[in-house]
Protein chains: 2
Amino acid sequence: MSLRIALLGLLAAAGPASGYDLAKKFETSVSHVWQAGHSRIYPELARMTAGGLIAVEAEGPRGRKTYGITPDGEAELRRWLLGHTPVSTRRDETDLQAFLVPLLEPDEAIAVLRRMKDGWERKLAELESLQAMRPAAENATEEWGPGWLGAYALDFRLRMEQALIDWAADTIADIERRRPADPASTGPAVIDMTASPAS
Amino acid sequence: MSLRIALLGLLAAAGPASGYDLAKKFETSVSHVWQAGHSRIYPELARMTAGGLIAVEAEGPRGRKTYGITPDGEAELRRWLLGHTPVSTRRDETDLQAFLVPLLEPDEAIAVLRRMKDGWERKLAELESLQAMRPAAENATEEWGPGWLGAYALDFRLRMEQALIDWAADTIADIERRRPADPASTGPAVIDMTASPAS
DNA sequence: GTTGGCATGTAACCGGTTACATGATTTT
DNA sequence: AAAATCATGTAACCGGTTACATGCCAAC
């Protein structure tokens, strides 16, 4: 259902668009928040048209179909936004890596965490440059409205990246603090299972 | 591939277990980080056994099969943890909601954000109580090892929840600041599309 | 006239969820 | 004897990814 909502949201906020347009928006603006390829978008648009949530408003050159949101579609979108309790089915590989990283030797764990941190820092820089690009009007006194779409989400993502970076830094520091000072103990890189034979 | 890694990780950290045991661990300890139902776990265990990553170590009462990780399995796990660059395919409905919330009227948006914040605060409290329950030994001077599994992940999740709560609080404040003071402008609850007809 | 971007779609596959299905053992 | 829990599996469905397939139009 979420792809449907994302599409309705884009049509509501930015006006009529074709499947191609929407796919490109998913690649650019929305990509930090949701991803979808055209191969899922086209069938979904067809189903939504059949369901009366959107309608073909115009047909263009290369078989281009421009879709617009219908009142039914707006109602559906509103219902979701107002009534939907977000079921947070987190399934990010990063979480899993955070969970399993203690299985590695300290030096290895630190190396892995450094790599993760580097990636997040690059991502953060990218998002910050995006934020800097936003027109000043949006940062100032402009009134509430669809133009704001994305500003809060960007802030949201920025905070997430920052939290990830902080976690990595603190975890690296913690491992270094605990690491046995004896260099000989940095032994063979094998998972040690003897310490906890059972749960 | 990630379910496979999660299963290998559990077997490496906590020793041999049955599919049933693993499914229960997914419900409890791992659930904050990764979810999987038994209907995916059993076939995956079968495939991993066929691939030599795990092996049936014992058979119990009700057809119970206890699996243990093999050297090949450990190697696979290590390879993933060391070499895997996390492809962060975030697809959390919360992100989407953050993105679309400006489509609502200020009052509505605030109500939605408050609800989200409440949920995260409950989750945070739950995680904090989990953290408090951890044996003191783990917080002190214990050496690096598989016993640490979960402590960093818990910290990770705590930081995420806190960042979400902060974002919601600041966003609510921002909307309130911008909201037109005139009560009459809190008009019909319809998505206004006139302000931005095209991207 | 050829390259590149516009534009739409389908098919195979993969991983996850929900529901179906069965039966053994232990506890009350 | 009944209920709860242990324990394993399969099937239908759904959503997403990758790859396949086609063709139009504009620019160089």
Side-chain angles (χ1 to χ4, degrees), chain A residues 1-8 10-11 16-28 30-31 33-51 54 56-67 80 84 86-93 95-96 199, chain B residues 1-8 10 16-28 30-31 33-51 54 56-67 80 84 86-93 95-96 198-199:
Chain A
M1 270 313 94
S2 294
L3 172 59
R4 171 166 297 197
I5 297 302
L7 291 169
L8 286 173
L10 284 177
L11 289 176
S18 69
Y20 188 83
D21 297 337
L22 292 165
K24 284 187 76 178
K25 268 177 199 159
F26 269 95
E27 272 172 27
T28 56
V30 204
S31 67
V33 152
W34 202 265
Q35 303 98 247
H38 74 273
S39 65
R40 289 266 336 133
I41 291 173
Y42 286 122
E44 185 62 35
L45 288 173
R47 244 173 323 189
M48 287 161 79
T49 307
I54 58 176
V56 177
E57 300 209 334
E59 305 215 9
R62 303 169 198 76
R64 176 191 171 91
K65 283 177 258 180
T66 309
Y67 294 92
W80 189 87
H84 178 75
V87 274
S88 200
T89 40
R90 296 190 53 81
R91 206 189 307 268
D92 195 315
E93 289 184 353
D95 295 38
L96 187 60
S199 169
Chain B
M1 268 315 91
S2 294
L3 172 60
R4 171 166 298 197
I5 297 302
L7 292 169
L8 287 173
L10 283 177
S18 70
Y20 188 83
D21 297 337
L22 291 165
K24 284 188 77 178
K25 269 178 198 159
F26 269 95
E27 273 172 27
T28 56
V30 204
S31 68
V33 152
W34 203 265
Q35 302 97 247
H38 74 274
S39 66
R40 289 262 340 130
I41 291 173
Y42 286 123
E44 185 61 34
L45 288 173
R47 244 173 321 187
M48 287 161 79
T49 307
I54 59 176
V56 178
E57 299 206 338
E59 306 214 8
R62 304 168 197 77
R64 176 192 171 89
K65 282 178 260 181
T66 307
Y67 293 93
W80 188 87
H84 177 76
V87 275
S88 199
T89 40
R90 296 188 54 80
R91 206 188 307 267
D92 196 314
E93 288 184 355
D95 295 38
L96 187 59
S199 170

5' to 3' on DNA chain D, which nucleotides open and close the contacts with chain B (atom under 4.0 Å from a heavy atom)? D:dC6 to D:dT17
To the nearest 10°, give me the bend of the helix from C:dG1-D:dC28 to C:dT28-D:dA1, comparing the axes of its five terminal pairs at either end. 10°
Between A:Leu96 and B:Ala6 the two heavy atoms that sit nearest each other are CD1-CB, 3.8 Å
By nearest-nucleotide position on DNA chain D, the 5'-leaning member of A:Gln35 and B:Gly19 is B:Gly19
Taking atom P of C:dC6 as reference, at what distance in whole Å does atom CD1 of A:Ile41 sit? 15 Å
Between B:Tyr42 and B:Arg91, which is nearer to the 5' end of DNA chain D once each is assigned its nearest nucleotide? B:Tyr42
Partners of B:Thr49 by side chain to side chain contact (heavy atoms under 4.5 Å, CB included), sequence neighbours excluded? B:Ile54, B:Tyr67
So, is B:Arg62 close to the C:dA24 phosphate, meaning a side-chain N or O under 4.0 Å from OP1 or OP2? no
Whole-Å distance separating the OH atom of A:Tyr67 from the P atom of C:dA7: 13 Å
By the 4.0 Å heavy-atom rule, please label B:Arg64 as base, sugar-phosphate, or nothing. sugar-phosphate
Taking any heavy-atom pair under 4.0 Å as a contact, classify A:Ser2: base, sugar-phosphate, or nothing. nothing
Please verify the inter-ring angle class for B:Trp80 with B:His84; under 30° counts as parallel, over 60° as perpendicular, anything in between as tilted. parallel
Could you tell me which residues satisfy salt bridge (Lys or Arg N to Asp or Glu O under 4.0 Å) with B:Arg62, sequence neighbours excluded, listed by chain and number? none
Atom-pair distance (CD on B:Glu59; P on C:dA24), nearest Å: 16 Å
Got a sec, which residues hit side chain to side chain contact (heavy atoms under 4.5 Å, CB included) with A:Glu57, two or more places apart in sequence or on another chain? A:Pro16
Kindly write out the residues that satisfy side chain to side chain donor-acceptor pair (under 3.5 Å) with B:Asp21, not counting sequence neighbours, or none if the list is empty. B:Ser18, B:Arg64
Which residues share a salt bridge (Lys or Arg N to Asp or Glu O under 4.0 Å) with A:Glu93, sequence neighbours left out: none
Mind checking what makes salt bridge (Lys or Arg N to Asp or Glu O under 4.0 Å) contact with B:Arg4, not counting sequence neighbours? B:Glu44
Applying ring pair (Phe, Tyr, Trp, His ring centres under 6.0 Å) to A:Phe26 and not counting sequence neighbours gives none
